[in-house]
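Reviewing the structure listed below.
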Amino acid sequence: MSTETSAPKEEQHQFSAEVERLMDLVVHALYSEREIFLRELIANSADAMDRRRFEALTNEACALPATPQIRLNVDKEARLLTISDDGVGMSKKEIIQNLGTIARSGTRAFAKELKESKAEDRPNLIGQFGVGFYSAFMVADKVEVISRRAGTDAAWSWTSEGKGQYTLAEATRETAGTTIILHIKSDADEYLESMRLENIIRKWADHIAWPIAIKQGDEEERNANEGTALWRKPRSEITDEQLEDFYRHITHLFDKPLATLLWHAEGVFEFTSLLFIPGMISPFEPVDQERKSKVRLHVRRMFITDEAEMLPAWLRFIQGIVDTEDLPLNVSREMLQNTPVLARIRKALTNRVMSELTKLSEDEEKYKTFWNLFGAIFKEGLWENGEHSESIIKLSRFYSSTQEGFTTLPDYVSRMKEDQEAIYFLAGDSKDILASSPQLEGFKAQGIEVLLFTDAVDAFWPDRVGKYSDKPLRSITQAKEDLEKLMGDVEHVNSEEEEGLLKSLKDILADKVTEVRTTQRLVDSPVILAASAGGPDLQMQRLMRRNDKTMPSPAPVLELNPNHPWIKSLVLKAKDGKDISEEATILLDLARVQDGEMPVDPTLFARRIATALTGK
């Protein structure tokens with residue numbers, strides 16, 4: 001049992017609601033194969049020691065002891081398992097932040113996965129959802145934490161039975177680091193056996209570079225892990241199981257990677273990389289996460305930082321480590337940004353990843369999985385329009401108005417009609433909505449293929465890229481003249497009565513539209529919206545409005561199908577001088593709904609539709 005004792009001064013705190021729900025889920029829904037808790041706690045200790053070593057490079061007060069290690073001590077009689085480390089430790093504020101609250105919500109997703117998963121898959125959810133420290137309560141009915149922040153003299157204890165509250169008290173700890181004391185439950189005797197603990201460590205944490213020592217009673221202390229940097233070994237000496245275990249350790253995911261890249265680069269500069277393309281997205285890492293690569297940088301096996309941006313932001317889904325001999329251990333933040341060595345490593349790494357993605361694209365099923373997971377992030381590279389734009393375009397996949405599944409820009413170009421001048425696309429939020437959009441009617445009638453862009457970034461990159469294979473990329477909401485050329489002799493000259501309707505509608509809708517005109521690109525629908533000349537694509541306008549961006553957004557053009565019975569009836573009504581203000585507003589709202597927008601006044605729109613249908 002630990003010799004540290006707590007001072008009498010105590011504070012009672014309530015867990016945040018998120019933590020309380022998480023602990024309840026962990027303890028009561030993940031009761032089998034509880035050994036995962038040890039992997040989580042040891043991983044936390046290893047991270048804390050990595051960070052202390054890094055801080056010590058610029059702060060001598062944080063220097064590690066001569067023989068830093070992670071220690072497990074078993075007191076079978078007292079039913080205590082103690083895990084202590086020489087890591088960076090925690091201040092009082094950090095204890096409250098790390099053990100009392102959760103910054104990002106994952107409880108609902110966690111509960112949903114529990115409900116839908118099979119019983120044998122449930123233990124994996126601990127790692128998948130980053131439950132981490134709270135998994136200790138699967139095997140302990142009481143947990144004590146004693147921690148002292150490196151560079152300070154103050155220590156604090158945290159104690160909880162996992163039932164809604166915890167106690168904070170002043171404590172003593174001879175050195176910096178953290179001690180976790182688990183009061184083992186009556187049905188968890190196996191975790192009071194040193195051999196069982198050693199087997200768990202070799203299974204889950206053998207690659208951790210820090211020594212992990214186990215001691216039970218009068219037994220002699222022994223090392224429980226090999227502590228070899230996996231990425232330094234030749235591929236022939238690494239098993240697939242070891243790679244998968246390391247992947248799960250570094251990503252906190254529990255699937256298998258889509259691809260693994262182990263690369264020993266030699267030449268003017270040398271580095272080793274072990275990178276993974278995940279097979280899933282973490283529920284804590286949404287697509288709109290901070291746009292930075294989190295590949296870990298090591299120098300001579302020593303962890304330096306995960307903020308060196310080793311890969312461009314559009315490859316931030318890649319996870320893993322890069323280890324080099326060509327940087328000093330005390331590398332500064334300024335050096336990370338400016339050193340030519342790191343710049344060359346970044347470039348080489350990006351080129352290698354692009355080669356790996358090209359190889360992965362040869363496996364249609366795997367690449368489909370990759371694209372569904374990370375395609376939206378990958379296409380951000382088109383917006384940056386750098387040296388890899390051509391490769392990104394070839395590797396990009398899109399839905400099409402004429403093809404099943406995904407297609408590519410090269411394949412699209414190969415299918416273009418002889419007289420087709422541009423690559424046409426329609427951007428929106430959903431493939432199904434786009435596929436049935438009235439915007440497509442005229443192009444379908446002419447047998448023209450249109451690419452369906454469904455990611456937010458698709459509204460932006462075509463303007464930046466401009467063209468592909470000397471063919472301009474053009475939204476069909478801005479392709480009125482193109483379609484008229486493709487239609488050839490088909491032309492509609494407005495009658496005097498139709499001109500009267502257009503003028504009346506423009507007067508009624510005033511500043512809501514820039515123009516009202518007839519169009520030949522509609523077949524079945526009465527009305528459609530188009531982007532005004534020189535303005536941004538309609539989807540881009542919608543995205544900017546949703547994000548409250550201050551971007552000029554000109555009113556759209558309202559286009560009418562002169563061959564539609566409703567429009568013909570409105571022509572006669574306007575000719576007779578009847579009021580068409582209700583119909584004008586319905587037309588505009590209907591066009592907005594077709595494009596995935598809400599009517600200006602949804603309640604009034606519903607009332608008008610009901611009136612039009614019933615005549616009341």
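Small disclaimer: the values here were computed from a predicted structure and weren't measured.
Taking a cutoff of 4.0 Å between a charged side-chain nitrogen and a carboxylate oxygen, Arg316 and Glu380 qualify as a salt bridge. The pair Glu309-Lys294 does not meet the salt-bridge criterion, since no charged nitrogen lies less than 4.0 angstrom from a carboxylate oxygen. Using a 4.0 Å cut-off between charged side-chain N and carboxylate O, Asp323 and Arg296 make no salt bridge.
Between Phe370 and Phe317, the gap from one ring centroid to the other is short of 6.0 Å.
Inspection of the Ser84 and Thr179 side chains reveals no N or O donor paired with an N or O acceptor under 3.5 Å. Side-chain N/O atoms of Asn73 and Thr82 include no donor and acceptor closer than 3.5 Å. His183 and Glu144 are linked by a side-chain donor-acceptor pair at a separation below 3.5 angstrom, with hydrogens and angles left out of the test. Under the 3.5 Å distance criterion, with hydrogens and angles disregarded, no donor-acceptor pair is assigned to the side chains of Trp210 and Asp86. Inspection of the Gln12 and Thr167 side chains reveals an N or O donor paired with an N or O acceptor under 3.5 Å.
A distance of 14.5 Å separates CG of Asp240 from OH of Tyr247, quoted to the nearest 0.5 Å. To the nearest 0.5 angstrom, Ser273 atom OG is 12.0 Å from Leu297 atom CG. In this structure, CD in Glu244 is found 4.5 Å from NZ in Lys256, a value given to the nearest 0.5 Å. Here CG of Leu38 is found 6.0 Å from CG of Leu72. Values are rounded to the nearest 0.5 Å. Here the straight-line distance linking atom CG of Leu373 with atom CZ of Phe378 works out to 14.0 Å at 0.5 Å rounding.
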Derivation of the side chain to side chain donor-acceptor pair (under 3.5 Å) call for Trp156 and Glu170: CA-CA 5 Å; Trp156 288 85; Glu170 295 176 359; over 6 Å; no
Full working for side-chain contact (heavy atoms from CB on, under 4.5 Å) between Asp85 and Arg71: CA-CA 6 Å; Asp85 63 57; Arg71 297 169 296 278; 5.8 Å; no
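In terms of modelled atom types and a separation under 3.5 Å, the side chain of Arg148 and the main chain of Glu174 share a donor-acceptor contact. Here the side chain of Asn223 pairs no donor or acceptor atom with the backbone of Asn225 at under 3.5 angstrom.
Judged as a side-chain contact (heavy atoms from CB on, under 4.5 Å), and not counting sequence neighbours, the contacts of Ala150 are Arg52, Cys62, Val88, Ala176. The salt bridge (Lys or Arg N to Asp or Glu O under 4.0 Å) check on Asp255 picks up nothing, with sequence neighbours excluded. With sequence neighbours excluded, no residue satisfies salt bridge (Lys or Arg N to Asp or Glu O under 4.0 Å) with Glu387. With sequence neighbours excluded, the residues that form a salt bridge (Lys or Arg N to Asp or Glu O under 4.0 Å) with Glu219 are Arg222.
Counting heavy-atom neighbours within 6.0 Å of Lys215 NZ, excluding the residue itself, gives a total above 12.
Listed by first and then second residue, the ring-ring contact (aromatic ring centres under 6.0 Å, His included) pairs involving residues 220-239 are Trp231-Phe246, Trp231-His298 (not counting sequence neighbours).
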Let me have the donor-acceptor pairs involving side chains of residues 257-271, under 3.5 Å, with sequence neighbours excluded, atom names and distances please.
unit_1	atom_1	unit_2	atom_2	d
His264	ND1	Thr272	OG1	3.2
His264	NE2	Lys233	O	3.4

